[in-house]
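Some notes on the structure that comes next.
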Amino acid sequence: MRYVFLFIAILLIPALNVVVAQGIVYGKVYDKNTLEPLWGAYLIYENKQGTTTNENGFFSIKTDTSILNITFQLIGYKSTTRLIVLRSNDTIELNIGLEMDIQEIGQIVVSANKTEQKVAELTVSMDVLKTADFLKTHITDAQELINKTPGIEVLDGQASIRGGSGFSYGVGSRVLALIDGLPVLSPDAGNIKWQFLPLENIAQVEIIKGASSVLYGSSALNGIINFRTADPTNIPTTQFFAETGIYGKPKNKNWVWWNSPRLFSNVSFSHLQKLGQTDLGIGLNLLIDNGYRKFNDEKLGRISLRVKHHDQKVKGLIYGFNINSGYTVKRDFILWEDADKGALKQDTSTVSLLHGSFFALDPYISYNNAGRFKHDLRIRLQSSDNRFPVRKENNSDAFSLYTEYQLYYKLAHFMNTTSGISENLSRIFSNFYGNHNGLNMAVFTQLEVQPVPRLKMVAGIRVEQNFLDGEKDKIVPIFRSGINWQAAEYTFIRASFGEGYRYPSIAEKYASTTLGSVKIFPNPFVQPESGWSSEVGIKQGVLFGKTSGQADLSLFFLQNRNLIEYPFGSYPDPITGISGVGFRADNVEQARVYGYELEFNLNRTQGAFNTTLSGGYTYTYPVEFNQVTHKNTGTYLKYRRKHSAKISLNTSYKRFDLGLSLYAKSKILNIDNVFLDETTRESILPGFYGYWLEKNRGYFLIDGDLGYMINKLLTLSLAVKNITNTEYMGRPGDIQPQRNFSLRLSGKF
């Protein structure tokens, strides 16, 4: 028997040598056109392993695997894969030339049509913000990120895209915020909880500029902002940063109210990993901000968990859940003391401490039959609580259950449909708004056709009905259509038309409170808003020499009816019937906005240098129109601007990264008359009228950042925001941050 074992061992020795013996693959990665070495190219091989090229484009891999698949990737270049067969103790030289690619045109997005598409093939305008867009610049708040996007302005939490919205005191957003395609607006105030959006685990943010109600329903009247969470790759990734910062002194020294430094700090952590057939994502963020304004501080914590399982028995079946949760203790800034010495001090009559919590659980299941059809069932159970220890009459609890079933079906190789049904059930328990029950139900369908290879057309319809406290609103049908024609290899021409609408929020109907000298009256009879937007545009890819990128030009026109504002006037108290003066939500604005927008992104690689130049300019003409004659009245819409522009330059060289961003916005064209009328202005915002006449001239800002890669794992960076220490305002009385500095240690491994 021992001779048998000896014979088997002799036979296995060559095989064991193949397995155990180590092979080496080395070589160089270079630009196929210029033959220059590419530094920082990423190599992925053997499931969960990877390496990068050095400053000379050189790489080396040691492996005991006999068959090796190596994928070469670098931003701005087309990925390529090579299959290598290694014998015992082999050393193989592999030199790879990468071809330049226009990455921006090939980006995959899902928000426009609820299916994966290249951004260049869309019929609507879309901005895509990548994680790198805000990590380098030390942006930790989603509101700040969106506010620094061309064509968008966020006034005290209220987003406006291309002048489609003004400011209505933080309630009733006309821009719908989503996390992974599911709405995240609060069901009571209808506003965006910016502080709870999980930036630490975001792959990209997709912004549609224009009415999007056909696919997304109410509150998408002016567009959507979809925060898409990241999926893990074959290589586990952990990222973190720890940051501390300080607010400098404002340009107006009379406004300095503090004796100790105004500090802020932030800690973020995220981890993505595949565990067999299960994808796992974890995110954590902690914030302490002492505030540059008195009685305007915040402590915040948020956590996110993402679990996705790929079923082994049923191919194409995926199920899982996402959790987003947060807790904040803060004081919102409402009214200043005065313009002379108290612009950064809150009027004590409006100071109120808030304990706010947010929780969202999103279970889902999806089945994809090899791209022929796809079933999606997604649910969001969302809860938000507001607790005011001093003003208990403002406490509120809001719950919502959103369910959506969606079917994608490929009718033919040139035609597909996306259809669905959704419901949104909400319950409000509030000392502030009263107790209310709401239900929204909708069905939608959209057809996409590609009759010839370079032409795509889309058309959709949605039918929706809203119920509040047992009373039903009218059934609302709305439509959209669009076309995209690829005129040349990198030239895409588009045109679109879409209708939108928005039901009033609970706050707009029933909020009743007094804050300092400001009294808010309820209006249960306020009506829904409606409108439409149209656009023509061209997206042009740029690829010459070592420069790649794209430019996008669009002309747009939007018109909305019955937009809700809070006009100041005399209104009856709902309980006593006695009239008083204050603010109340009413349908008063007939809005028309037209203009154009230019955006661009250019990238150039030169040896170890990688430089990106990006930016945009938006011109809007926002004006009221007469409902009878349909002609412009000549009255500017409130809280809008004509001009806004941004340009950013970022360059990296070996271990260094340098960025500079310039922002310019023209003056606000019109505001509520109550802030200007001599009989009311001083009682609400003392000193504002004189300040407005002198300071409402627009503004110019500069932000800068500098990063140094300590090693492959750690980076140290410094960011300075508002370098010129410009003094500027959002909505009336809302002075924006002066120059501030932050130092960050970040890591990725």
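The analysis underlying the following values was restricted to heavy atoms, covering all of them including side chains, and did not include hydrogens, waters or symmetry mates.
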Is there a side-chain contact between [X] and [Y] (heavy atoms, below 4.5 Å)?
X    : Y    : result
I146 : V205 : yes
L197 : F358 : no
V154 : W194 : yes
I735 : M729 : yes
L613 : T611 : no
Y639 : D672 : yes
E144 : K721 : yes
F196 : T328 : yes

Minimal non-hydrogen separation, [X] against [Y], with atom names:
X    : Y    : result
G704 : I723 : N-CD1, 3.6 Å
D180 : R228 : OD1-CA, 3.4 Å
Q73  : S79  : CG-OG, 3.3 Å
G500 : L221 : C-CD1, 3.2 Å
L176 : P183 : CD1-CB, 4.0 Å
H643 : Y617 : ND1-OH, 2.7 Å

Item to check | Full working for side-chain hydrogen bond (donor to acceptor under 3.5 Å, both in side chains) between T140 and N266 | outcome: CA-CA 8 Å; T140 57; N266 202 323; 3.2 Å; yes
Pair [X], [Y]: side-chain N/O donor-acceptor within cut-off below 3.5 Å:
X    : Y    : value
N722 : N740 : no
E200 : S304 : no
T123 : N484 : no
E535 : S125 : yes

Spatial distance of atom [atom1] ([X]) from atom [atom2] ([Y]) [nearest 0.5 Å]:
X    : Y    : atom1 : atom2 : answer
L716 : L743 : CG    : CG    : 5.0 Å
K539 : T491 : NZ    : OG1   : 11.5 Å
R592 : F557 : CZ    : CZ    : 4.5 Å
F264 : E243 : CZ    : CD    : 6.0 Å
T137 : L145 : OG1   : CG    : 7.5 Å
Q195 : D289 : CD    : CG    : 12.5 Å

Checklist outcome for this item: Exactly one candidate in D127, D703, D141 meets salt bridge (charged side-chain N to carboxylate O under 4.0 Å, His left out) with K148; the answer is D703
Checklist outcome for this item: Only one of R162, R641, R640 passes salt bridge (charged side-chain N to carboxylate O under 4.0 Å, His left out) with E153, and that residue is R641
Checklist entry - Which is it for L284 and F240 under the side chain to side chain contact (heavy atoms under 4.5 Å, CB included) test, yes or no, and what are the steps along the way? => result CA-CA 9 Å; L284 174 68; F240 73 90; over 6 Å; no
Expected output: side-chain [X] to main-chain [Y] donor-acceptor under 3.5 Å:
X    : Y    : value
R262 : N290 : yes
S212 : G210 : yes
Q738 : G248 : yes
T131 : I202 : yes
W255 : A339 : yes
N560 : A591 : no
R331 : D297 : no
R697 : K667 : no
N222 : I161 : yes
S533 : A211 : yes

Next on the checklist: Please evaluate residues L300 and K330 with respect to the criterion side chain to side chain contact (heavy atoms under 4.5 Å, CB included), reporting the C-alpha separation (whole Å), side-chain torsions for both, the decisive distance (0.1 Å), and the verdict.
Outcome noted: CA-CA 8 Å; L300 169 72; K330 67 174 182 175; over 6 Å; no
Checklist entry - So with a 6.0 Å cut-off around NZ of K712, is the heavy-atom count from everything else above 12? => result no
Checklist outcome for this item: From the list S219, S173, S186, side chain to side chain donor-acceptor pair (under 3.5 Å) with N191 holds only for S186
Item to check | Name of the residue among D657, D705, T715 meeting side chain to side chain donor-acceptor pair (under 3.5 Å) with K136 | outcome: D657
Checklist entry - Y292 vs Y247 aromatic rings, parallel, tilted or perpendicular, using cut-offs 30° and 60°? => result tilted
Checklist entry - According to the interplanar angle, ranging from 0 to 90°, do the rings of Y621 and Y636 count as parallel (below 30°), tilted (30 to 60°) or perpendicular (above 60°)? => result perpendicular
Next on the checklist: Run S165 and Q158 through side-chain hydrogen bond (donor to acceptor under 3.5 Å, both in side chains) and show every step you take.
Outcome noted: CA-CA 8 Å; S165 301; Q158 204 146 23; over 6 Å; no
Item to check | Evaluation steps, side-chain hydrogen bond (donor to acceptor under 3.5 Å, both in side chains), between Q346 and K294 | outcome: CA-CA 6 Å; Q346 184 167 189; K294 193 173 185 179; over 6 Å; no
Checklist entry - Is there a side chain to side chain contact (heavy atoms under 4.5 Å, CB included) between L335 and L685 once you walk through the steps? => result CA-CA 7 Å; L335 302 175; L685 284 174; 4.0 Å; yes
Next on the checklist: Show every side chain to side chain donor-acceptor pair (under 3.5 Å) that has at least one partner inside residues 724-734, sequence neighbours left out.
Outcome noted: D156-R731, R293-D734, Y691-E727, T724-T726, D734-Q736
Item to check | Audit row: I208, E206, side chain to side chain contact (heavy atoms under 4.5 Å, CB included) steps and yes/no | outcome: CA-CA 7 Å; I208 295 180; E206 299 173 3; over 6 Å; no
